[in-house]
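Keep in mind the model is a prediction, meaning the values are calculated, not measured. Within every chain, numbering begins at 1; the chains are lettered A, B, ... in the order of the sequence lines, protein sequences first and strands thereafter.
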Amino acid sequence: MNTTDVLFAGFGGHGMLLAGKLLAQAAVNRGLQVSWLPAYGAEMRGGTANVTVCMSGSRVASPYIEHPASLVVMNTPSLLKYGPKVKKGGLIVINTTLAREPWTREDCPVLSLPAGDMAREVGAWKSTNLVLLGAWAGYTGVLSRDAIVETIEEQFSMKHAVMNANVAAFDTGFRQGATARPAPGMANEVDSRTLDRGNAHLDHRTAR
Amino acid sequence: MNTTDVLFAGFGGHGMLLAGKLLAQAAVNRGLQVSWLPAYGAEMRGGTANVTVCMSGSRVASPYIEHPASLVVMNTPSLLKYGPKVKKGGLIVINTTLAREPWTREDCPVLSLPAGDMAREVGAWKSTNLVLLGAWAGYTGVLSRDAIVETIEEQFSMKHAVMNANVAAFDTGFRQGATARPAPGMANEVDSRTLDRGNAHLDHRTAR
Amino acid sequence: MTRVLMKGNEAIAEAAIRAGCLHFFGYPITPQNEIPEYFSRRLPQVGGEYVQTESEVATSNMIFGAAGVGVRVMTSSSSPGISLMSEGISYLAGADLPVVIVNMMRAGPGLAGILPSQSDYAHATRGTAHGDFELTVLAPSSVQEAVDLTILSFQIAERYRVPVMLLGDGMIGQMMEPVEFPELEVGPPLAADDWALTGCRGREPRLVSSLYLDPVELNDKNYERYRRYALIRDKETRFDTYNCDGPYDVLLTAFGVMARVCMSAIDELAKEGIRVGLFRPITLNPFPEDACRSAIARAKRVLDVEMNMGQMLVDIRLAARGSHDIDFIGKCGGLTPSVEDVVERVRVHLAAIRAEER
Amino acid sequence: MTRVLMKGNEAIAEAAIRAGCLHFFGYPITPQNEIPEYFSRRLPQVGGEYVQTESEVATSNMIFGAAGVGVRVMTSSSSPGISLMSEGISYLAGADLPVVIVNMMRAGPGLAGILPSQSDYAHATRGTAHGDFELTVLAPSSVQEAVDLTILSFQIAERYRVPVMLLGDGMIGQMMEPVEFPELEVGPPLAADDWALTGCRGREPRLVSSLYLDPVELNDKNYERYRRYALIRDKETRFDTYNCDGPYDVLLTAFGVMARVCMSAIDELAKEGIRVGLFRPITLNPFPEDACRSAIARAKRVLDVEMNMGQMLVDIRLAARGSHDIDFIGKCGGLTPSVEDVVERVRVHLAAIRAEER
Amino acid sequence: MPAIRVAGDKCKGCELCCVACPQKIIALSDEINTQGFRYARVVDAPRCIGCGLCAISCPDLAIEVYAEGTVYQFYSYH
Amino acid sequence: MPAIRVAGDKCKGCELCCVACPQKIIALSDEINTQGFRYARVVDAPRCIGCGLCAISCPDLAIEVYAEGTVYQFYSYH
Amino acid sequence: MQKIFSHPCSMIEDPLHYCPGCTHGIIHRLVAESIDELGIRERAVGVSSVGCSVCTYKYFRCDMFQASHGRAPAVATGAKRCRPELILFCYQGDGDLAAIGTSEIIHAANRGEKITCIFANNAVYGMTGGQMAPTTIPGQRTSTTPAGRRVSQDGFPLPMAEMLASLRTPGYVARVSMHAPSEIIRAKEIVRRAFLHQVEDRCFSFVECLSTCPTNWGLSPAESLKWIEREMLPYYPLGELKVPDGKTGDEDEHN
Amino acid sequence: MQKIFSHPCSMIEDPLHYCPGCTHGIIHRLVAESIDELGIRERAVGVSSVGCSVCTYKYFRCDMFQASHGRAPAVATGAKRCRPELILFCYQGDGDLAAIGTSEIIHAANRGEKITCIFANNAVYGMTGGQMAPTTIPGQRTSTTPAGRRVSQDGFPLPMAEMLASLRTPGYVARVSMHAPSEIIRAKEIVRRAFLHQVEDRCFSFVECLSTCPTNWGLSPAESLKWIEREMLPYYPLGELKVPDGKTGDEDEHN
Ligand SMILES: Cc1ncc(C[n+]2csc(CCOP(=O)(O)OP(=O)(O)O)c2C)c(N)n1
Ligand SMILES: Cc1ncc(C[n+]2csc(CCOP(=O)(O)OP(=O)(O)O)c2C)c(N)n1
Ligand code: SF4
Ligand code: SF4
Ligand code: SF4
Ligand code: SF4
Ligand code: SF4
Ligand code: SF4
Ligand SMILES: [Mg+2]
Ligand SMILES: [Mg+2]
């Protein structure tokens, strides 16, 4: 597997750091090299909370990524700030529940989903972050569903309710991502993405 | 006038720093370049108190002198420490009231005088330092009697008793120095001394 | 050995515990708070002692006391806190006490900001405080290396009886990466039999002090200490290179996480068949001057990349001995030179080299 | 103008008063106590304010407050006290406040001793504290020069809004020499109209701060400050040479009083017709690198003489750019290289040169 | 009749005003303001006695108090 | 009969023992010791009551106190 | 309609950055109101410290310093000694003032510097993520006392106001709390008095303000007020602990 | 003949370097005697500070630290926390403890470190040549108060013992004086008690000892004792200011 990376961006309390951590842990569990680099804010309350996760089959060189290969955003400010930074052809996953204003980039596949509403629908009010992670995972296929779900189960083994809500949220996102044909731009130009979607020896997934 | 220097050495309270300062001030009053560099002890009570005075008609380069051209010592410890350091042919003035043990250096003129007793004799108990300064000045002629006495008068103008005692002490030392033929070594080998004894334009002295 | 995903700060604390450091004294400061917090949780479990100090000034003197009674001890802080330890570090060096100090650098000067930075290179490697002494300084570029160098720090500190600093940019503290811990579990007891203050039962009283009233003694002591520094230079100097086996036109120099940014840039350029080398000092002090000089000698151009205003430049220039002018990319205040910044600048140099060749 | 015989410490204090510095904050420490003591006597006479502080940490922050309200202010200390000011100095630099700090160096590291030393060169010129900033550092070699450089320190501090350090070895503080004071009497008021905190009557509130929450702003601020440093380098770099007009085989490099020891050695050797040159930086930072390089270029051998373990060597080596190996005489702990030490070592070099020539 | 005005966009929904109000007439709205917080509003305006305790307790200076005619003060604040 | 012994070379002639002695039997000698100080000595030994106040007051630990047989202590020190 | 309560002039109108329910904002307002009422905004110079209130300088509409951690009283001393006509006030948290800055506040008080120190004691290092402060309450869990502060290990809460009150140098020392409107009203008067002592060139003045940190206490803002009352008051009794000789503010007005 | 008073074993026999009549020597002896009597020399570790007593380490026959200026209590804390079986004592002057080291002593006391601090208060910076200390008496001339300490400028003498006694953490705080044999006898008992509190693992202990500096006071040693009595006692009342709950030393013996 080549190196790839994803930036999770939102506000403090949105759980983007956690989403990134679950992904990173799943990748570690699958034997990958990983870095999880948060951009911690100034010594101030509130504000942005982002994390860049890099994954590689061999070695993560720079954990600091100016132009991420994919972006998962929770809200409008994060989208406006990081949307333009994504690499040409990189995936952008947007939570339209909070980022309602229309936004697009012609040169990137954009996967918009009402993750907040979807979370509520599956009874997982607080798991919007997991819906987004699921969508990203389903679309990119960098890690299998099982890899991430196992990690969620492992991390929340002490809190069953949270675990179940998180898995449900992840799954609803995953399904959306796996089947989506994101608009606009190069939805079908899969090759232009830097992600290697079907790395079987890493992913052990049974079905996409 | 060439550069010359003298090290005054004793213990704290012996007034060697003051003797040096009077000399330095006299030299400044006569238009010389001067440095007065004390060797302050460690942050401790008591102990040694020495000062090196350098005088020059042109410019004092190093104020720090490892091997002084002349030495004026108050007591035995200072003599033992600094006696051996004096330049070959340099003058050594010793207060035999405190430095009683016989001590000599073959290659230097040594001027021994019971400065403590002499001070007491002229009623200047506390002015042993001035007796020694006088002896050094009388012998070397680097500065005239008047140059130094004027300085003493100037510095102690507010304390007449001290002033008078100091002048008396200085004078008794000066007389001794001016007439002495110090033993052993090169008492008469005046030329071997680095001091320039009779620099008239600096000294304004009437008689030696 | 299992790989655990861990924050750099926590990994450092755990590594210290594995190395047998059961005493930690510290004062909170971002971005290293996970270190004291981790210790405050873990040390009671392993029979150790966590003390939250009233200030960094007190901290540096508490570790003086702790090391003086012969226990393995650590503190950590970040830039302004480390400045406050300056006097204390001078005392530690002057009393030949082995301690490990972590500095997770943030942006300066003054309060400035808490974002990652490398701007304490000069303070760490030169003129940390008054007096003649040196701090041995190690700079990790990954969480795993932070673990390894933490353990090495204790070894160097104790072997040579010197204070050692682990210098990380804030990133390395906040970043999570998978790490493996060596199975030291608890390190061997510190060998302090002949100098530590443990009560004078059955022996002459001992003294832990930096005071020397006799200048000759102090001069000698300083020379003795510098002989130990020379030993460290001989035996402990460490560096890393990347892509320096083959020929290269441009050499990058960087330390800590910035070196990994440079590696990405090198990989990027390698795709186009452009060969660029990287020299990364691991010991910032002693600086691997000879190795750096050899790496420079083979390059046409040298580009130093730092998250500061060019503090390591002094050492690169000393290594170069005038053979090359050293170009520099520096961002500070929490900004980070990016892969793109480096790639772009390398291209400028390559163009210039080609122009020269023509 | 009359020549007054004065201790260096007192002359510095008087010079500051003549330059219009009527506010002094300080904490006692040998060998600079004559400075606060002099101020404590004199300032009440001239309507100024002497404050004895509770520590050097407090001192550095009090002068921050004093300079921040736009008055000319000074402090002085000696090595360990200066280390304690490290954080404060970083804040002063970060907030662009003009202050003058005197360091009468004593032997280190730690408590070490109170005898004269030059072992804070590195702390003063590089890495005084955390963060990217520089301290302008001036080193007098005579009491008269101490007076002149004190006045210059205030001028530089105010012209460029930077903290300036006057770096003396303990000797220069304790030594008496005749001095003349320029008739400034009271300097012009500090030009702080556009930044000092004087109460916001009739204008917008102002801020004196080193905090920049936005990294881009902080980065820009640092670059702006370094542009000022570059200006200082261009306009204020000062040095002195001795005996460098004619040809010479050996060049001596030294600063402060050590340079005068070297001059005596040069005079000594001159008696035998041996020509030796001396390069003395007056601004230690910015270091007069170009001038030093030219002086070195004309020598066969270079000998650096310091009262430390070789701290200025870094700058001499940078100036030499590898053209010469730099030999070194260093004594520390209160010991002073003597005229004889220098003469002897020069003879060794001359012999070697002669041997090479054969 | 006294009244208060809550600057909805400064409010952080901490409810300290609700706790402080002796008339218990302040509650959080279900709406979210620009800062992302549910904000305070008066639910039973006619019962406001203009005591200002809400304003005094607001850490975000989000409340102003208005009164008509004579105001009786039961404590001295200003 | 009680007695004290002054270590002449440790004495700095501060006279604190003289002040402390209730019998006023200590005075400085005219001799000078190796440290350069006039040192304390007992001028009227038979009157010493062995109270030890001199020793207790000596900052230089220069005084030892001796006694024969039973010693009555008027205060507790040790 | 007449506006009978609104924003003080000495504070800007922008939103504060504090967490919801954090009473730093109330203390700010008390300071600003006092400045307004005494009409000293144009000669007031504030010194913000390092803690959550690091940005205080943004909120006050007067000249401001941003000082290093713990040293605000030293900065204020330097400024006041050089320009006695200015009104200097410090705003410090408990980590800042009661830990790293212990020495500076004590000596400023003991020299009798004519400055006013406002001390926001929230029993925790708020800004750095809720570590134990010297003022933390026994048993209180913080990020560095996972099992609660143990008195045997860390001692009792440091009583800054009592310590300062024990000094012989005249000064004004009081402790107030933000946990109820009645206390805020009382606090208001005391903060004003503190400034008044400086305006009338009388003495050093110090007001310790018990304040909340809902975020790091893990409590709601309303619970936090109760927590002050229940947990902090036993260790931090309120009132005027010290008044300068013969001058205790408008004594008639409040007990 | 029986020797009923002599040199304590825990002190070496060499002459001390203090000025004639300087009572640092007496305080040293009290410490050494206490160590002797409690039989703790072989587990005692002293911390000498920076001041005239910087060389204290030369005089005590036990393991010693030489600490940086003001930080002896921090050094002792570090040592004691790591080896609780040791008996740690600091010996500090008033410049050291009451100026630069204010914070360290207060926090050591407040955390309840089980260490013993001996504080020699001579109202002046002795070693550096007699500058004003925070403990200098109003009107006292020093090399930095040529016109005498002015209260309006420099405040009143800092009452360290009172300040430490105001802390809630249990501890033993006392003030004694060297100005008369009777006081020395009393001091002896109090210093012993201070050590005992540590030996019995009870609490922090602190003894402020009023001491002379004939050299910098410009008085004879005998005059210096009177000066303590006349000038210092009004500001520094003697006695046990604080005793740990339920344990006040041998209460029966001395009130
Ligand atoms: C020298 C130094 N040490 C540590 C810090 C880190 N630091 C920033 S704020 C803070 C504590 C803040 O707590 P407090 O003063 O109680 O204020 P609060 O946030 O609780 O209002 C600390 C330790 C720093 N900035 N500088
Ligand atoms: C950091 C630092 N600042 C200042 C000094 C200088 N200094 C040495 S001793 C001393 C004061 C000593 O006074 P005190 O503690 O009262 O002891 P005393 O000599 O009076 O017994 C000072 C300020 C120092 N060594 N280190
Ligand atoms: S003014 Fe008084 S009654 Fe009216 S809303 Fe506010 S607290 Fe309630
Ligand atoms: S107190 Fe203020 S911020 Fe809190 S809910 Fe009420 S209006 Fe909003
Ligand atoms: S033991 Fe008592 S009586 Fe005897 S000399 Fe000493 S003080 Fe005087
Ligand atoms: S008290 Fe001691 S030092 Fe002083 S005079 Fe008596 S014996 Fe000598
Ligand atoms: S962290 Fe605590 S002190 Fe800081 S703003 Fe939030 S609630 Fe207030
Ligand atoms: S200077 Fe003072 S404190 Fe120091 S030894 Fe002399 S008398 Fe004692
Ligand atoms: Mg707080
Ligand atoms: Mg003292």
Among Leu218(C), Asp132(C), Leu318(C), Val314(C), residue most engaged with chain D (heavy-atom pairs, under 4.5 Å): Asp132(C)
Contacting moiety of Leu335(D), where chain C heavy atoms sit under 4.5 Å: both
For the backbone of Asn285(D) and the side chain of Glu134(D), can you confirm whether one donor and one acceptor N or O come within less than 3.5 Å of each other? no
Under 4.5 Å heavy-atom distance to chain C, tell me which part of Thr128(D) shows up: side chain, backbone, both or neither. backbone
Pair count under 4.5 Å, heavy atoms only, with chain C: among Thr125(D), Ile82(D), Asn219(D), highest is Asn219(D)
Heavy-atom pairs under 4.5 Å with chain C are the metric here; pick the option from Gly310(D), Gly81(D), Gly330(D) that has the most. Gly330(D)
Is the backbone N or O of Asp96(D) less than 3.5 Å from a side-chain atom of Arg161(D), with the two atoms forming a donor-acceptor pair by type? yes
Side chain, backbone, both or neither: which part of Tyr223(D) has a heavy atom under 4.5 Å from chain C? both
Taking every heavy-atom pair that is under 4.5 Å apart, which of Gly88(D), Ser209(D), Ala107(D), Ser79(D) has the most such pairs with chain C? Ser79(D)
Top contributor to chain C contacts, counting heavy-atom pairs under 4.5 Å, from Ser210(D), Pro215(D), Pro109(D), Ser323(D): Pro109(D)
Would you say Thr53(D)'s side chain and Ser55(D)'s backbone share a donor-acceptor pair under 3.5 angstrom? yes
Tell me, out of Ser90(C), Ser78(C), Ala112(C), who's got the most heavy-atom pairs with chain D below 4.5 Å. Ala112(C)
Contact origin within Leu211(C) toward chain D - heavy atom pairs under 4.5 Å: both
Please rank Ala129(C), Gly322(C), Pro80(C) by heavy-atom pairs under 4.5 Å with chain D and give me the top one. Pro80(C)
Heavy-atom pairs under 4.5 Å with chain D: which of Gly334(C), Cys332(C), Ala122(C) has the most? Cys332(C)
Test your reading of the model: is there a side-chain donor-acceptor pair from Arg106(C) to the backbone of Thr30(C), 3.5 Å cut-off? yes
In terms of side-chain heavy atoms, does His123(C) have a donor or acceptor partner in Ser86(C) at a distance below 3.5 Å? yes
Given Ile101(D), which partner from the list Leu166(D), Val164(D), Ile63(D) fulfils the side chain to side chain contact (heavy atoms under 4.5 Å, CB included) test? Ile63(D)
Do you know which of Gly131(C), Gly110(C), Ala95(C), Gly94(C) has the most heavy-atom pairs under 4.5 Å to chain D? Gly110(C)
Which atom names give the shortest non-hydrogen contact between Ser77(D) and Ile29(D), and what distance separates them? OG-CG2, 3.5 Å
Pairs of heavy atoms under 4.5 Å with chain C: top-ranked of Tyr212(D), Tyr226(D), Tyr121(D), Phe133(D): Tyr226(D)
Is a side-chain N or O of Asn308(D) found less than 3.5 angstrom from the main chain of Gln118(D), in a donor-acceptor match? yes
Taking atom OG1 of Thr59(D) and atom CZ of Phe64(D), what is their separation to the nearest 0.5 Å? 14.5 Å
